[in-house]
Amino acid sequence: MSPLGSLLVCLLIIAGASSLASAGEYERAAAELSRAAVRNQKTRVAVMPFQNVGKRNFLAGTVISEKLGSQVMALGQVEVVERTLLAEIMREQKLQHSGAVDRGSIKELGRVLGVEAIVAGTVMELRDGRFEVNCRLIETQTARVLAAAIAKVDKDWAESLFDDFSIGAMPAWTSFELASPAAAAEFDAGVEDCGDAQDAVMDMDRSILDVKARYWAGRLKARDIKRDSLKKNPGSEIHDPELRKEFYRELHRYYEEPELRPLSGADISRMQRTQKEIERLAESCGLSGA
């Protein structure tokens, strides 16, 4: 096993798996929604990324909705739209990725995806570190709420460095240009409303992906990471799931290099400034990820 693989194993052992209580909450909510769908003769549904209330954890809405969607799919009572297809359609239709949905976007999703209902909801971080999940099954044709479910789940997606990264075949390396402060300003100036914010955030995330991967690979190689000091997973702040996967692939590739070229102070400064602009735009528009 490679040094990075050994590190991953150690971190995952320390972190542990999701609690049984959380798994039970996801299963219960999924069962309630599935029964309601069958009762109302809805056979194909889409699970939207949930909206973050308070905007304290950008990744929460996406992760929780994916976990719930997996449970609905596992029950096998209704067909669930694959999440990458959902994300692609939302980008093409320029629908919000923040989890906020209105009557018009619900109907449009129903038409484009061929779904009879969607699952939408909100997540809110509680004082004990868990998340309260409020989700609804909504008929796409009428935007009528068919059922609702509430759950409280543990925050189990930020306990290891690479919880959504599995080591496998690495694609060809792609180099991305670093964003300058002027470029970040141009992105921001081009955002006329929050409907364009997701694309702007994706462009900025992509522009610093390479330097971010080199930065974290250097820290890993130097063993300059203590799990208790981390506020969140490196890379978890990247909103688009496909870009996040690319980050972990590049991180792995750089980690395996015998001699990693160090970053300059200017590189790190540009990365930090662009990341701050991403966070500002994401918070102002309530983005929770793709």
Visitor: Which atom names give the shortest non-hydrogen contact between Q77 and R35, and what distance separates them?
Guide: OE1-N, 4.1 Å
Visitor: Any salt bridge between E32 and R28, counting N to O under 4.0 Å?
Guide: yes
Visitor: Can you find a pair of side-chain heavy atoms, one from K212 and one from I238, that are under 4.5 Å apart?
Guide: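 Yes, side chains in contact.
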Visitor: Can you tell me how far the CD atom of E66 sits from the CE atom of M73, to the nearest 0.5 Å?
Guide: 10.5 Å
Visitor: With rounding to the nearest 0.5 Å, note down the distance linking CD in E246 to CG in L251.
Guide: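 Those atoms lie 11.5 Å apart.
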Visitor: Looking at side-chain heavy atoms only, is the closest gap between L209 and E250 below 4.5 Å?
Guide: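 In contact.
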Visitor: Under 4.5 Å between any side-chain heavy atoms of L260 and Y255, yes or no?
Guide: no
Visitor: Indicate yes or no: at least one non-hydrogen side-chain atom of V81 is less than 4.5 angstrom from one of V115.
Guide: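 Answer yes - side chains close enough.
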Visitor: If you measure from CD1 on I138 to CD1 on I106, what distance do you get to the nearest 0.5 Å?
Guide: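 Here the rounded value is 4.0 Å.
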Visitor: Check whether more than 12 heavy atoms from other residues, nucleotides or ligands sit under 6.0 Å from atom CD of Q141, and answer yes or no.
Guide: no
Visitor: Answer yes or no: is there an ion pair linking K42 with E139, defined by an N-O contact shorter than 4.0 Å?
Guide: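 Counted as a salt bridge, because a side-chain N and a carboxylate O are separated by less than 4.0 Å.
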Visitor: Specify the closest pair of heavy atoms between L263 and D267, including all atoms of both residues, with the distance to one decimal.
Guide: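 Nearest pair, atom of L263 first, then D267: CD2-OD2, 3.8 Å.
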Visitor: From L68 CG over to C135 SG, what is the distance, rounded to the nearest 0.5 angstrom?
Guide: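 Rounded to the nearest 0.5 Å, the CG-SG separation comes to 5.0 Å.
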Visitor: If you compare all heavy atoms of G129 against all heavy atoms of K155, which two are closest, and at what distance to 0.1 Å?
Guide: O-CB, 3.5 Å
Visitor: Kindly compute the distance separating CZ (R214) from CZ (R253), expressed to the nearest 0.5 Å.
Guide: 10.0 Å
Visitor: Decide yes or no for L146 and R144: does some side-chain heavy atom of the first lie under 4.5 Å from some side-chain heavy atom of the second?
Guide: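 Answer yes - side chains close enough.
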Visitor: For residues Y254 and W216, determine if any side-chain heavy atom of one lies less than 4.5 Å from a side-chain heavy atom of the other.
Guide: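 Side-chain contact under 4.5 Å: no.
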Visitor: Could you tell me whether the side chain of M271 reaches within less than 4.5 Å of the side chain of Y215, counting heavy atoms only?
Guide: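 Result yes, sub-4.5 Å side-chain heavy-atom pair found.
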Visitor: If you group Ile, Leu, Val, Met, Phe, Trp and Tyr by side-chain heavy-atom gaps below 4.5 Å, do M48 and V145 land in one group?
Guide: yes
Visitor: To the nearest 0.5 Å, how far apart are CZ in R130 and NZ in K152?
Guide: 5.5 Å
Visitor: Write down the atom of A120, the atom of F50, and the distance for their closest heavy-atom approach.
Guide: C-CE2, 3.8 Å
Visitor: Is there a side-chain contact between E116 and E79, using heavy atoms and a 4.5 Å cut-off?
Guide: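 In short, these two side chains do not touch, never coming nearer than 4.5 Å.
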